[in-house]
Amino acid sequence: MTAIARPQVVLMPGLKTDELWTRYRKTRDPKIHNQLLVAYLYLTQQAAARIHRKLPREVDVDDLSQQATFGLSNAISSFIPEMGVKFATFAMHRINGAIYDYLRSLNWAPRLTDERFKAVEAARTELRQELGREATDEELAKRLKLSRVMFNRVRKDAQLVRMTSLNAPVRNEAEREATPGDIIVDERQKNPMNLAQQRDLKALMTKGLTRSERLIIILYYYEEMTMKEIGQTLELSESRVSQMHSSILQRLKARFQHRAKALEEELVA
């Protein structure tokens, strides 16, 4: 995919970007807001293109870009430089949120996800009959002629929406009649233990890293941005980001190997 270049924006005469931000914070001038909006519009294009790659063809990337612009506008209005975070990093969270809110409101999801579910289940049934056992994910992906990454996306999308009545009677494992509303798990409730483990792992991975290195880890592994997009966000070349990423992984590998060895020695002792 071709990298999206930053637009050449002519800011207000005699004003640098930092000065423009200073004036906007003092005056909240809509004209300055629009100048900043145009200056950072490339972020909306990046986010829309990245998210669109994971979606069905029926979704228009221009619609995603439009929704992303609303998120960018909101980010400009609420950005506080004292937070110590680059605006581009802060804005990406608002932009992604605006796009995902829009996607959740679309009415194509049930039909498309149902089709995906049927395709996966049909392949699963065929392989069960052929193999005499349940198929592995690798075997399902091969039957569907999908890469493992794409298969995981399809399976995840297929599980997003299944249309059923919450009042329709079903039987649970104890053979007692119930309804889906009685037994369905609320996925919005996060397991506190899992959240704590994820937080500790994130802190461990980024411990001892510089600010730029921490952002590379977070944007690449948590925000799923590409090296090109990270480079544009951090104002670094793609090759430099890739080089830093490789260096970070080598240090993390050495760190975890050392911790594993120390733990093994403690257990032996």
Side-chain angles (χ1 to χ4, degrees), residues 1 49-59 61 96 99-100 103-202 204-205 217 220-227 245 249 252-253 256-257 259-261 263-264 267-268:
M1 179 180 174
R50 182 179 67 254
I51 294 175
H52 187 260
R53 291 198 294 267
K54 307 174 185 178
L55 298 174
R57 299 175 183 176
E58 286 82 354
V59 183
V61 68
N96 289 337
I99 293 177
Y100 289 131
L103 290 175
R104 280 190 287 268
S105 71
L106 294 180
N107 59 8
W108 50 261
R111 176 175 56 82
L112 291 176
T113 53
D114 191 60
E115 291 176 358
R116 287 173 173 162
F117 179 85
K118 290 178 180 178
V120 173
E121 289 305 302
R124 192 187 306 277
T125 300
E126 291 176 0
L127 287 171
R128 185 188 300 118
Q129 294 173 348
E130 295 174 10
L131 303 174
R133 58 171 173 80
E134 290 296 330
T136 64
D137 288 346
E138 290 79 5
E139 291 168 337
L140 280 170
K142 185 176 180 180
R143 174 58 59 93
L144 294 169
K145 298 181 179 180
L146 297 173
S147 67
R148 183 60 188 274
V149 173
M150 184 57 67
F151 171 76
N152 288 338
R153 291 177 182 172
V154 169
R155 184 178 61 176
K156 182 178 180 181
D157 289 343
Q159 294 172 344
L160 287 178
V161 179
R162 292 294 294 152
M163 301 297 290
T164 186
S165 171
L166 293 180
N167 296 318
V170 296
R171 290 191 177 275
N172 57 22
E173 294 179 355
E175 292 299 318
R176 290 194 296 268
E177 189 172 285
T179 66
D182 297 325
I183 61 178
I184 192 169
V185 177
D186 187 355
E187 298 294 345
R188 294 172 299 179
Q189 297 297 321
K190 302 297 184 180
N191 187 313
M193 183 64 71
N194 290 341
L195 290 176
Q197 291 175 343
Q198 292 172 6
R199 182 173 61 250
D200 291 343
L201 178 59
K202 185 176 180 181
L204 179 62
M205 289 180 60
I217 291 296
Y220 186 74
Y221 290 103
Y222 290 86
E223 298 299 325
E224 298 184 353
M225 294 176 64
T226 65
M227 295 293 182
H245 177 257
L249 292 185
L252 287 175
K253 181 179 180 180
F256 286 119
Q257 286 177 340
R259 289 176 65 90
K261 184 178 180 180
L263 180 61
E264 182 179 354
L267 293 175
V268 172

Looking at side-chain heavy atoms only, is the closest gap between Arg53 and Thr226 below 4.5 Å? yes
So NE2 of His245 and CD1 of Ile217: to nearest 0.5 Å the spacing works out to 5.5 Å
Glu130: partners by side-chain hydrogen bond (donor to acceptor under 3.5 Å, both in side chains), with sequence neighbours left out: Arg143
So which heavy atom on Val120 is nearest to which on Leu140, and how close? O-CD2, 4.1 Å
Salt bridge or not between Glu139 and Lys142? Use side-chain N to carboxylate O under 4.0 Å. no
Minimum-distance pair of heavy atoms, taken over all atoms of Ala123 and Leu144: CB-CD2, 3.9 Å
Does a side-chain heavy-atom distance below 4.5 Å link Arg128 with Glu134? yes
